[in-house]
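Here the structure is laid out as structure tokens; the discussion comes afterwards.
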Amino acid sequence: MPLPIGTTPYRTHHLGELRDTDDGRNVVLSGWVHRVRDHGGVVFADLRDRQGITQVVFQPDTDAEAHRTAESLKDEFVVRIEGTVRKRPAEMVNSKLATGAIEIVGHKVEILNRARTLPFAIEDESSAGEALRLQYRFLDLRRPVMRDNIILRHRLAQEMRRRLDAWGFLEIETPMLTKSTPEGARDFLVPSRLAPGKFFALPQSPQIFKQVLMVSGLDRYYQIVRCFRDEDLRADRQPEFTQVDLEMSFAGADAVMEVVEDVVASAIRVGRDVEVKRPFHRMTYAEAMSRFGSDKPDVRFGLELREVTAAAGRSEMKVFLEVVKGGGVVIGMRVPGGAAFSRTEMDALSAVAVSFGAKGLGWIKKQQGAWTGQIAKFFPDAVRAEIDQSLEMGEGDLAVFVAGAKRASQEILGRLRLHLGEQMKLIPQDELALLWVTEFPLLDFDAEARRWVAMHHPFTSPLDEDVPLLDTDPGAARSDAYDLVLNGSEVGGGSVRIHAEPVQERMFELLGIGAEEAREKFGFLLDALSFGAPPHAGLAIGLDRLVTILAGAQSIRDVIAFPKTQKGACPLSGAPAEVADAQLRELNIRLARTAPTDGGNK
RNA sequence: GGGGUGGUAGUUAAGUCGGUUAUAACGCCGGCCUGUCACGCCGGAGGCCGCGGGUUCGAGUCCCGUCCACCCCGCCA
């Protein structure tokens with residue numbers, strides 16, 4: 001479907017639109033000069049817009065003036081041309097272009113605007129450095145891959161809106177200037193001019209407001225909303241990011257998952273033209289940790305973990321015995337075909353494990369039916385057989401072992417699993433593996449602060465059957481929370497909220513948030529909850545990550561129009577920047593020290 | 001805050017053990033070319049080797065510091 005053109009003297013068609021059935025049609029086209037091929041006589045110019053590329057040919061013998069102008073065209077000039085569609089002879093068809101069956105015979109060219117020599121070429125396989133691309137983002141976004149990412153993002157967002165509307169969700173905006181929250185990430189602060197010395201915080205998420213909307217009886221809320229967290233960046237993380245945030249009343253986990261599965265499956269249908277299997281697979285946190293060593297497992301490949309503590313306890317391996325005696329675990333991972341690794345490769349692998357926090361990496365190889373490797377001699381035959389069976393060891397396989405505290409060992413081996421999966425190219429790149437991870441621990445013990453912290457957030461409900469544990473064994477209590485995982489990346493997370501006041505109070509108590517502090521920090525939510533709160537639950541989808549994966553991009557920066565660098569700066573706008581003294585005075589702010597000057601990098 | 005990789009022409013990269021005038025491709029400029037589509041051919045210009053300091057007769061190359069970009073740990077309920 002061609003886009004509507006509207007009323008304009010600039011064009012009758014877009015540049016991805018004309019086909020051989022348009023042969024003979026007189027057209028007006030406008031766009032950027034993508035490339036010029038000047039043959040001395042005939043001149044070819046590829047014109048580009050958002051829709052595609054169309055070749056225009058200028059002939060000196062029939063259109064002398066247009067040809068003269070065409071000879072002066074440079075890359076990225078903006079032009080308007082008048083011409084006639086001509087079907088190309090079979091041998092001149094360009095099958096790489098959607099419009100390759102035709103070309104435009106240019107009768108008139110008008111240069112609407114010129115362009116300076118570009119800092120980098122406008123082409124998909126641009127190898128320009130990211131810093132340069134961000135500085136000239138307006139050029140970077142002209143590259144078809146980047147344009148397609150932005151369009152994909154739009155289409156996913158539209159589809160999700162459409163589905164949420166169909167489910168009866170209302171799009172409601174919540175404040176950007178709000179209140180600092182005590183738990184969680186560092187806040188971005190905004191000074192208040194009207195209240196000297198006081199600050200707003202930008203929202204880390206609309207969490208509290210959306211719960212208040214449920215108390216208000218609006219029943220179902222959603223918002224595609226910017227959230228802010230002042231923490232260090234990663235490839236899949238930047239300080240401002242977008243969530244598809246939703247909350248629903250008289251609903252539990254199953255209701256939320258049903259809606260989200262529909263919304264996400266629809267988005268994937270639109271974005272990738274793929275039908276994903278529903279319902280999505282569900283896995284408990286405990287299973288995810290024991291099988292994959294991660295609470296967001298990438299299940300596109302094997303290399304699963306297997307605990308072999310009991311067998312290792314019957315070996316003669318001193319480190320294993322000590323760990324087992326101390327209540328720790330020994331976890332093994334079979335690497336099919338891994339016996340082929342050289343000694344150097346094994347040393348490198350051990351070093352990786354150590355860099356992940358392992359004390360060391362034990363390993364054995366199964367070759368010609370027997371165990372080889374330095375630690376093999378510490379295992380009696382019976383123990384070998386038991387481990388063989390447990391790990392399902394086959395000829396030519398490698399097994400690696402990590403010993404220590406349970407969660408830490410799982411995580412180390414989980415990371416080693418991802419490392420090997422990449423190194424051995426075991427991960428099918430085109431596959432989309434979606435699953436829910438459920439039954440997270442409600443609380444996590446912060447060893448440094450020596451107190452409980454909420455694993456999700458302080459309003460997450462425990463599972464009904466685990467409520468009594470809050471008084472007896474809080475660490476064992478599981479929450480009614482669920483994460484949506486796609487290809488080993490957390491793309492969504494949510495929970496059933498606490499709507500019973502006594503449970504909420506007990507929760508604050510456990511978190512060491514006193515009654516007064518709770519009132520001070522969350523007063524309006526607690527107030528709201530005391531005036532008839534419906535049971536409610538919700539979730540937020542990380543839009544940037546979802547689009548990144550569906551676009552096949554490497555970094556969320558490739559699906560955000562104007563992203564931040566790893567230092568949280570914007571090379572295009574120059575943000576963050578110093579402000580005038582007058583502005584600071586108006587806000588009652590005095591700097592403790594002035595910003596350091598730039599180090600002379602061009 | 002910590003670890004790693006990188007920074008050389010407009011761009012992307014090469015540059016050996018420290019040694020003569022710092023290479024190449026693309027881009028740019030000039031010329032030629034009437035069927036290309038990454039057009040082709042000939043010629044040319046273009047460098048604060050990120051920045052500062054040090055070692056040395058001599059530094060793109062070695063050392064120290066620093067800035068920037070990226071990846072990771074910490075951090076991110």
Side-chain angles (χ1 to χ4, degrees), chain A residues 34-47 53-62 67 71 74-76 86 88-89 91-97 99-100 103 105 116-136 139 181-187 204-205 207 227-239 241 352 355-357 411 415 418-419 440-444 446 448 452-460 479 481 483 490 493-495 507 511 540 542 554-555 557 564-567 569 571 596-602:
Chain A
H34 188 62
R35 201 159 270 137
V36 185
R37 292 175 295 279
D38 184 350
H39 285 247
V42 66
V43 172
F44 297 97
D46 293 339
L47 260 48
I53 288 177
T54 299
Q55 172 171 284
V56 184
V57 57
F58 297 98
Q59 302 169 148
D61 28 16
T62 57
H67 178 263
E71 281 183 315
K74 303 286 175 202
D75 287 357
E76 300 304 308
R86 182 165 71 191
R88 299 198 204 180
E91 67 275 16
M92 290 177 198
V93 167
N94 184 348
S95 56
K96 284 185 233 159
L97 285 185
T99 60
E103 64 191 357
V105 180
R116 289 155 54 195
T117 299
L118 303 167
F120 55 85
I122 310 298
E123 55 192 9
D124 280 352
E125 57 281 7
S126 171
S127 44
E130 216 174 332
L132 197 71
R133 287 174 47 205
L134 290 181
Q135 187 186 343
Y136 295 95
L139 296 179
T181 44
E183 300 274 309
R186 200 174 290 116
D187 286 312
Q204 297 183 21
S205 84
Q207 185 61 38
C227 303
F228 305 86
R229 292 175 193 174
D230 188 8
E231 298 293 347
D232 288 351
L233 292 80
R234 289 287 185 281
D236 65 350
R237 209 165 83 194
Q238 70 152 32
F241 58 99
V352 169
S355 80
F356 291 159
E411 284 173 358
R415 290 176 60 190
L418 289 176
H419 175 84
F440 282 83
L442 183 67
L443 301 164
D444 203 9
D446 183 335
E448 218 165 285
W452 293 105
V453 292
M455 193 138 163
H456 195 54
H457 59 60
F459 313 109
T460 300
S479 66
D483 274 4
E490 182 196 329
S495 65
M507 192 63 182
L511 296 173
Q554 293 306 305
S555 151
R557 291 185 298 278
K564 300 278 186 282
T565 68
Q566 207 184 19
K567 282 231 157 47
T597 44
D598 199 301
N601 203 51
K602 59 175 174 177

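First the proteins, then the strands, lettered A, B, ... as listed; each starts at 1.
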Rounded to the nearest 0.5 angstrom, the CE-CG distance for A:Met507 and A:Leu442 is 4.0 Å
Without decimals, in angstroms, what is the distance between A:Asp75 CG and B:rC37 P? 16 Å
What distance separates A:Gln207 CD from A:Thr460 OG1, expressed to the nearest 0.5 Å? 7.0 Å
What nucleic acid atoms does A:Gln55 come within less than 4.0 Å of, heavy atoms only: base, sugar-phosphate, or nothing? base
For B:rU36 and A:Arg37 - does any side-chain N or O of the residue sit under 4.0 Å from the phosphate oxygens OP1/OP2? no
Please round to the nearest 0.5 Å and tell me the distance separating atom CZ of A:Arg35 and atom CD of A:Gln55. 12.0 Å
If I pick the P atom on B:rA9 and the same atom on B:rG46, what distance separates them, to the nearest angstrom? 15 Å
More 5' along RNA chain B: A:Ala569 or A:Gln207, using each one's nearest nucleotide? A:Ala569
Quick one: do A:Arg37 and A:Asp46 make a salt bridge, cutoff under 4.0 Å? yes
What nucleic acid atoms does A:Asp230 come within less than 4.0 Å of, heavy atoms only: base, sugar-phosphate, or nothing? nothing
For B:rU56, what is the paired nucleotide under Watson-Crick or G-U wobble rules, both distances under 3.5 Å? none
Starting from C1' on B:rC72, measure out to CD on A:Glu231 and report it in whole angstrom. 16 Å
What does A:Glu91 touch in the nucleic acid at a heavy-atom separation under 4.0 angstrom: a base, only the sugar-phosphate, or nothing? nothing
Taking the same atom, P, in B:rU16 and in B:rC63, what whole-Å distance lies between them? 14 Å
Sticking with atom C1', work out how far B:rA13 lies from B:rG60, rounded to a whole angstrom. 14 Å
A:His457 atom NE2 is separated from B:rC76 atom P, nearest whole Å, by 15 Å
Hunt down the Watson-Crick or G-U wobble partner of B:rG74, both distances under 3.5 Å, from any strand shown, or write none. none
pi-stack flag for A:His39 and B:rC33, centroid dist under 5.5 Å, interplanar under 30°: no
Could you say whether the aromatic ring of A:Phe44 and the base of B:rU36 stack, counting only centre distances under 5.5 Å and plane angles under 30°? yes
Within the 4.0 Å heavy-atom criterion, would you say A:Leu233 contacts the bases, only the backbone, or no part of the nucleic acid? nothing
Does B:rU5 pair with anything, Watson-Crick or G-U wobble, both distances under 3.5 Å, and if so, with which nucleotide? B:rA69
Hey, does A:Arg35 reach any base, or is it just sugar-phosphate, or nothing, if we go heavy atoms under 4.0 Å? sugar-phosphate
Hey, does the side chain of A:Arg234 come within less than 4.0 Å of B:rC73's phosphate (OP1/OP2), counting only N and O? yes
Under 4.0 Å, counting only non-hydrogen atoms across every strand here, what does A:Ala454 touch: a base, just sugar-phosphate, or nothing? sugar-phosphate
When we call it a touch if two heavy atoms are under 4.0 Å apart, what does A:Gln59 touch: a base, just sugar-phosphate, or nothing? base
Check whether any side-chain nitrogen or oxygen of A:Lys567 sits under 4.0 Å from OP1 or OP2 of B:rC67, and answer yes or no. no
How do A:Pro571 and A:Pro458 order along RNA chain B: which one's closest nucleotide is nearer the 5' end? A:Pro571
Considering Watson-Crick and G-U wobble pairs with both distances under 3.5 Å, what does B:rC32 pair with? B:rG40
Write down the distance separating the P atoms in B:rG7 and B:rG15, rounded off to the nearest Å. 10 Å
Would you say A:Thr117 places a side-chain N or O within less than 4.0 Å of OP1 or OP2 belonging to B:rC28? no
Separation of atom CD in A:Gln566 from atom C1' in B:rU5, rounded to whole Å: 12 Å
Any donor-acceptor N/O pair, A:Thr54 side chain to A:Leu47 backbone, under 3.5 Å: no
Rounded to the nearest Å, what distance is computed from the CG atom of residue A:Asn94 to the C1' atom of nucleotide B:rU36? 10 Å
Identify whether any heavy atom of A:Arg116 sits under 4.0 Å from a base atom; if not, whether one sits that close to sugar-phosphate; answer base, sugar-phosphate or nothing. nothing
What is the distance from atom CD of A:Glu231 to atom CZ of A:Arg237, rounded to the nearest 0.5 Å? 7.0 Å
Assign A:Arg557 to base, sugar-phosphate, or nothing according to its heavy-atom contacts below 4.0 angstrom with the strands shown. sugar-phosphate
For A:Asp38, which contact category applies under a 4.0 Å heavy-atom criterion: base, sugar-phosphate, or nothing? base
For A:Glu76 and A:Leu139, what are the C-alpha separation, side-chain angles and deciding distance, and is it a side chain to side chain contact (heavy atoms under 4.5 Å, CB included)? CA-CA 10 Å; A:Glu76 300 304 308; A:Leu139 296 179; 5.5 Å; no
Distance check, P atoms only: B:rC41 and B:rG52, in whole angstrom units. 41 Å
Assign A:Ser205 to base, sugar-phosphate, or nothing according to its heavy-atom contacts below 4.0 angstrom with the strands shown. base
By the 4.0 Å heavy-atom rule, please label A:Gly184 as base, sugar-phosphate, or nothing. sugar-phosphate
If you measure from the P atom in B:rU34 to the same atom in B:rA45, how many Å do you get, rounded? 28 Å
To the nearest 0.5 Å, tell me how far A:Asp446 CG sits from A:Trp452 CH2. 11.0 Å
Atom-pair distance (NE2 on A:His34; C1' on B:rC39), nearest Å: 14 Å
Taken to the nearest whole Å, CG/A:Asp444 to C1'/B:rC75 is 14 Å
When the distance from NZ of A:Lys74 to C1' of B:rG30 is rounded to whole Å, what number comes out? 10 Å
